[in-house]
Number of protein chains: 2
Amino acid sequence: MTTVRVLLADDEHLIRGALAALLALEDDLVVVAEAATGPEALAMARAHRPDVAVLDLEMPGADGVSVATSLRAELPGCRTMIVTSHGLPGHLKRALAAGVRAFVPKTVSARQLAGIIRTVHAGNRYVDPELAADAISAGDSPLTARETEVLELAADGAPVAEIAERASLSQGTVRNYLSAAASKLGAENRHAAVRLARQRGWV
Amino acid sequence: MTTVRVLLADDEHLIRGALAALLALEDDLVVVAEAATGPEALAMARAHRPDVAVLDLEMPGADGVSVATSLRAELPGCRTMIVTSHGLPGHLKRALAAGVRAFVPKTVSARQLAGIIRTVHAGNRYVDPELAADAISAGDSPLTARETEVLELAADGAPVAEIAERASLSQGTVRNYLSAAASKLGAENRHAAVRLARQRGWV
DNA sequence: CACTGCTCATGACAAACGTCATGTGATGAG
DNA sequence: CTCATCACATGACGTTTGTCATGAGCAGTG
């Protein structure tokens with residue numbers, strides 16, 4: 001029997017500790033390191049070289065996906081998986097693009113999670129069926145790169161003038177992109193467009 | 001030694017299960033029921049009459065605070081406490097107003113949580129020191145009831161006409177309230193105002 | 001009772017915004 | 001090479017906001 005060396009990264013102590021305890025019950029899994037932030041997770045991974053890194057999506061410092069991206073470059077032998085409370089389709093896509101091997105919501109049980117860790121360690125992938133269905137039905141973002149960029153800058157309610165300056169575009173161009181984005185998303189105005197794009201994980 | 005009968009409510013199976021396991025390690029705590037949604041938590045509480053109800057703030061169906069409110073009315077002997085990932089000052093205030101005895105972030109350890117459960121059972125209160133500091137420094141919402149109501153309706157980017165209709169107000173009045181709210185919050189426009197109010201838990 | 005603060009309204013003006021027509025370059029597919 | 005698409009721009013138009021002045025009714029407080 002091979003034992004799987006696991007890194008746990010989650011900023012919620014309650015979950016991390018509890019998870020460590022539950023995974024310890026599995027004979028073939030051993031938690032070799034824990035981290036509460038993105039940078040800490042990277043440092044721990046370098047120091048302990050785990051087989052599988054279980055990363056929370058939302059962490060201070062750097063989110064799970066960017067940690068996964070760094071790990072992929074630095075420790076190719078380390079498989080990564082993302083655990084999250086908010087299962088947005090866009091996040092799933094970003095994660096898979098970053099080479100993450102599994103994407104699971106926190107609604108699974110610890111036993112299931114243990115199974116998924118084994119699956120990942122064996123070189124396979126796992127995606128929560130429900131999230132996968134959402135992601136497929138949600139489809140790809142219809143927005144062009146610039147439209148997305150401008151929409152992001154509009155996300156905190158900034159006026160057009162400010163967006164134009166930050167994007168180094170003319171105000172007219174910004175309005176055009178915003179208008180295009182809103183109509184593509186079927187929104188009445190840019191603010192509603194921002195909301196929709198967020199919901200679908202496109203921003 | 002008295003044993004404390006605990007109800008656990010959290011929609012994230014991973015956390016709930018793990019938590020149950022860790023609390024089971026404490027001799028004087030026994031988890032008598034678990035729930036994944038607000039309504040389920042209420043039903044379980046009625047059936048099992050726990051001493052302390054540990055409620056997640058964000059749950060499908062009904063959030064932790066409204067569950068606490070119902071419990072207070074139905075089972076006055078049952079002490080309630082809220083556990084949450086997002087520690088917004090406004091939530092803390094709402095919770096305390098609803099008679100919740102403790103408000104803790106998920107960044108505490110299971111051992112600490114066990115201690116807090118005992119504290120609550122003994123009839124005392126507990127509020128995370130950092131959250132308390134935030135809540136005090138954040139202060140009360142400067143918005144009047146109507147301003148808050150209108151701002152909430154504006155939250156999804158709806159145009160003034162729609163807000164006016166839904167609030168049964170004239171468009172001019174809506175603009176006045178929105179303008180007042182934005183200036184009280186120091187925001188450039190209503191959308192930024194919505195963001196700020198959300199951050200501080202005032203919507 | 002006077003005063004203050006909240007609610008609700010109207011009207012008016014300037015600024016910001018949404019939309020459309022139109023045009024130029026660049027890039028990539030056929 | 002041609003055609004479509006994207007990036008970027010301008011100017012113009014009408015609409016939607018933000019802001020301000022002003023006022024009326026109604027509650028609670030001193």
Side-chain angles (χ1 to χ4, degrees), chain A residues 90 93-94 97 138-203, chain B residues 90 93-94 97 138-203:
Chain A
K93 292 201 174 165
R94 273 203 310 139
D140 268 334
S141 169
L143 306 177
T144 67
R146 278 298 186 293
E147 283 164 1
T148 307
E149 185 191 334
V150 171
L151 201 57
E152 266 169 38
L153 289 172
D156 49 358
V160 171
E162 195 180 314
I163 301 172
E165 198 182 354
R166 292 217 273 167
S168 304
L169 290 176
S170 83
Q171 298 198 12
T173 305
V174 168
R175 287 209 296 257
N176 287 155
Y177 283 148
L178 250 20
S179 182
S183 91
K184 280 182 184 175
L185 297 179
E188 295 222 329
N189 56 46
R190 62 220 179 90
H191 305 289
V194 166
R195 260 193 348 112
L196 285 174
R198 259 206 235 285
Q199 269 176 23
R200 301 181 196 169
W202 291 336
V203 293
Chain B
K93 293 203 171 165
R94 273 203 309 139
D140 267 334
S141 168
L143 305 177
T144 68
R146 277 300 185 293
E147 283 164 0
T148 307
E149 185 190 334
V150 171
L151 202 57
E152 266 168 38
L153 289 172
D156 49 359
V160 171
E162 195 180 314
I163 301 172
E165 199 182 354
R166 293 217 272 167
S168 305
L169 290 176
S170 84
Q171 299 198 10
T173 305
V174 169
R175 287 209 297 250
N176 286 156
Y177 282 150
L178 250 21
S179 181
S183 91
K184 280 182 183 176
L185 297 178
E188 294 223 329
N189 56 47
R190 62 217 175 94
H191 306 289
V194 166
R195 262 196 342 115
L196 284 173
R198 258 207 235 285
Q199 270 176 24
R200 301 181 195 170
W202 291 337
V203 293

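Every chain is numbered from 1 and lettered A, B, ... according to where its sequence line falls, protein lines coming before strand lines.
- Applying the side chain to side chain donor-acceptor pair (under 3.5 Å) rule to pairs touching residues 188-198 of chain B yields A:His191-B:His191, sequence neighbours excluded.
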In a table with atom names and distances, give each donor-acceptor pair under 3.5 Å that connects a side chain of residues 178-186 of chain A to protein atoms at least two apart or in another chain.
from, atom 1, to, atom 2, distance (Å)
A:Ser183, OG, A:Ala180, O, 3.3
A:Lys184, NZ, A:Pro142, O, 3.3
A:Lys184, NZ, A:Glu147, OE1, 2.9
A:Lys184, NZ, A:Glu147, OE2, 3.2

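- Rounded to a whole Å, the CZ atom of B:Arg175 is 13 Å from the C1' atom of C:dA16.
- Interface limits on DNA chain D: the 5'-most and 3'-most nucleotides within less than 4.0 Å of chain A heavy atoms are D:dA7 to D:dA12.
- Residues B:Leu151 and B:Ala197 come closest through the heavy atom pair CD2-CB, 3.9 Å.
- Contacts between residues 180-199 of chain A and DNA chain D, defined by a heavy-atom separation under 4.0 Å, are absent.
- The minimum heavy-atom distance between B:Ala187 and B:Leu196, with the atom names listed, is CB-CD1, 4.0 Å.
- Comparing the helix axis at one end of the helix from C:dC1-D:dG30 to C:dG30-D:dC1 with that at the other, each defined from 5 consecutive pairs, gives an inter-axis angle of 40° (nearest 10°).
- Counting all heavy atoms, side chain and backbone alike, B:Ala164 lies closest to B:Val174 at CA-CG2, 3.6 Å.
- For the pair A:Asn176 CG and C:dC20 P, the computed distance is 11 Å after rounding to whole Å.
- For B:Ser170, the side-chain contact (heavy atoms from CB on, under 4.5 Å) partners are B:Thr173, not counting sequence neighbours.
- Here the straight-line distance linking atom CG of A:Leu153 with atom CD1 of A:Ile163 works out to 6.5 Å at 0.5 Å rounding.
- With sequence neighbours left out, the salt bridge (Lys or Arg N to Asp or Glu O under 4.0 Å) criterion links B:Arg175 to no other residue.
- Looking at residues 159-172 of chain A, you'll see A:Pro159, A:Val160 sit with a heavy atom under 4.0 Å from some atom of DNA chain C.
- Listed by first and then second residue, the side chain to side chain donor-acceptor pair (under 3.5 Å) pairs that reach into residues 157-168 of chain A come to none, sequence neighbours excluded.
- Less than 4.0 Å separates DNA chain D from no heavy atom of any residue of residues 144-153 of chain B.
- Among residue pairs with one or both ends in residues 149-185 of chain A, none qualify as ring-ring contact (aromatic ring centres under 6.0 Å, His included); sequence neighbours excluded.
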Seminar exercise, completed: Contact string for nucleotides 24-30 of chain C, one letter per nucleotide 5' to 3', B = base within protein heavy-atom range under 4.0 Å, S = sugar-phosphate only, - = neither, reads -------

